[in-house]
Amino acid sequence: MIKIFLVEDEFVVREGIKKTIDWEAHGYEFCGEAGDGELAFPLIQKLKPDIVITDIKMPFMDGLSLSRIVAKEFPNMKIIILSGYDDFEYARQAIQIGVEQYILKPVTRETLKKVLSEVKDKIDSEGEKKINMERIQSERREYELMSRRTFFEKVFSGRLSVQEIYTEMEKLSIQLEGPYFNLILVGTQRKAKGAGVASDNSQKF
């Protein structure tokens with residue numbers, strides 16, 4: 001589930017937002033809340049929500065200050081700012097910080113649901129891209145290991161000329177420049193059946 005954390009200094013507003021949406025039914029987990037940025041940040045560090053919804057005007061630490069700290073420490077965390085101030089400067093600063101959405105109060109249930117849905121879709125999309133990227137990187141590493149293994153097998157078996165060795169080394173980004181090298185060859189030998197077993201048929205002379 002997508003974890004939601006709410007920061008709002010007005011208790012009535014905070015309770016209204018908490019109760020306006022059936023969080024679990026929409027795929028969210030309401031994981032915590034705080035009345036200002038100073039109280040919120042340690043909890044955000046601990047709970048690591050996916051989305052932080054914060055009011056912009058609060059005592060001690062306002063929403064923009066909190067957003068700057070969160071965006072710096074948790075760059076993948078999404079921030080939604082709620083504001084009763086229709087001020088371009090606030091919106092401009094929020095955009096510079098990297099806030100996902102800037103919503104004017106009073107916030108209706110449908111507006112909040114719509115915005116959360118959009119942010120959730122973005123999180124899901126980024127998650128899929130991350131998984132695909134990790135899979136591609138894993139396959140690339142596996143291919144590189146196999147290519148290097150094949151290269152050294154050809155070298156040790158004498159199937160490559162000196163020029164071919166240097167050409168393949170360049171392709172595989174293998175650096176073998178140095179004053180001397182240590183070469184370790186590891187081989188396996190199949191144990192012959194009955195090897196190591198003493199014979200009882202001894203002969204005397």
Side-chain angles (χ1 to χ4, degrees), residues 1-5 23-24 26-29 31-32 41-53 66-80 94-101 115-205:
M1 284 190 173
I2 300 295
K3 296 167 67 175
I4 308 287
F5 190 94
W23 302 99
E24 291 187 7
H26 291 85
Y28 307 113
E29 175 190 348
C31 67
F41 188 63
L43 294 173
I44 291 171
Q45 288 179 304
K46 179 181 178 181
L47 297 171
K48 293 181 174 57
D50 300 291
I51 300 174
V52 174
I53 304 173
L66 175 62
S67 297
R68 288 190 185 94
I69 298 173
V70 169
K72 183 177 181 180
E73 184 159 341
F74 305 103
N76 293 325
M77 199 173 288
K78 308 304 180 186
I79 303 170
I80 298 173
I95 291 171
Q96 287 181 335
I97 293 168
V99 170
E100 288 296 320
Q101 296 279 356
V115 168
L116 285 172
S117 179
E118 291 174 354
V119 177
K120 181 177 182 293
D121 288 343
K122 185 172 183 178
I123 292 173
D124 292 340
S125 176
E126 290 176 351
E128 291 178 1
K129 288 180 181 178
K130 182 179 179 181
I131 291 173
N132 289 334
M133 184 60 66
E134 289 175 349
R135 177 181 56 79
I136 291 171
Q137 290 175 346
S138 177
E139 291 175 352
R140 181 180 298 169
R141 286 193 297 269
E142 185 176 351
Y143 174 77
E144 289 175 352
L145 288 173
M146 289 298 296
S147 297
R148 290 185 173 215
R149 178 177 177 179
T150 301
F151 166 71
F152 283 112
E153 286 176 350
K154 290 179 180 179
V155 171
F156 295 146
S157 64
R159 286 181 281 166
L160 295 178
S161 66
V162 173
Q163 183 59 47
E164 288 173 333
I165 290 174
Y166 278 101
T167 300
E168 289 298 316
M169 284 171 52
E170 186 176 353
K171 288 180 181 178
L172 298 172
S173 300
I174 297 175
Q175 298 293 329
L176 292 179
E177 297 178 359
Y180 60 87
F181 302 97
N182 289 326
L183 178 63
I184 300 175
L185 298 178
V186 179
T188 59
Q189 183 176 2
R190 187 174 181 181
K191 190 174 181 181
K193 187 175 182 181
V197 179
S199 173
D200 293 332
N201 298 324
S202 57
Q203 294 183 353
K204 295 181 180 180
F205 295 93

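Throughout, numbering of the chain's residues begins at 1 and tracks the sequence.
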Query raised in the report: When you look at V119 and I2, which way does the side-chain contact (heavy atoms from CB on, under 4.5 Å) test go after all the steps?
Result: CA-CA 10 Å; V119 177; I2 300 295; over 6 Å; no
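- Two residues are said to be in side-chain contact when any heavy atoms from C-beta on lie closer than 4.5 Å; Q163 and T167 meet this criterion.
- Note: S147 OG to E168 CD = 9.0 Å, rounded to the nearest 0.5 Å.
- Considering every non-hydrogen atom in both S117 and Y28, the closest pair reads N-OH, 3.4 Å.
- F5 approaches P49 most closely through the heavy-atom pair CB-CG, 3.6 Å.
- Contact detail for I79 and S67: the closest heavy-atom pair is CG2-OG, 3.5 Å.
- For K120 against H26, the heavy-atom pair with the smallest separation is CE-O, 4.0 Å.
- Listed here is the closest heavy atom pair of F74 and Q45: CZ-CA, 3.9 Å.
- For the residue pair K3 and D50, the shortest heavy atom distance occurs at N-OD2, 2.7 Å.
- Listed for the S125 side chain is no donor-acceptor partner under 3.5 Å among the backbone atoms of D121.
- Counting heavy-atom neighbours within 6.0 Å of E153 CD, excluding the residue itself, gives a total above 12.
- Going from atom CZ of R159 over to atom OG1 of T150 covers 8.5 Å, rounded to the nearest 0.5 Å.
- R148 has no carboxylate O lying under 4.0 Å from a charged side-chain N of E144, or vice versa, which leaves the two without a salt bridge.
- Inter-residue side-chain proximity for I4 and L116 is flagged as met; some heavy-atom pair is nearer than 4.5 Å.
- Of the inter-residue distances, the one linking I80 atom CD1 with Q101 atom CD reads 6.5 Å to the nearest 0.5 angstrom.
- Put simply, the side chain of I44 reaches to within 4.5 Å of the side chain of M77, judged on heavy atoms.
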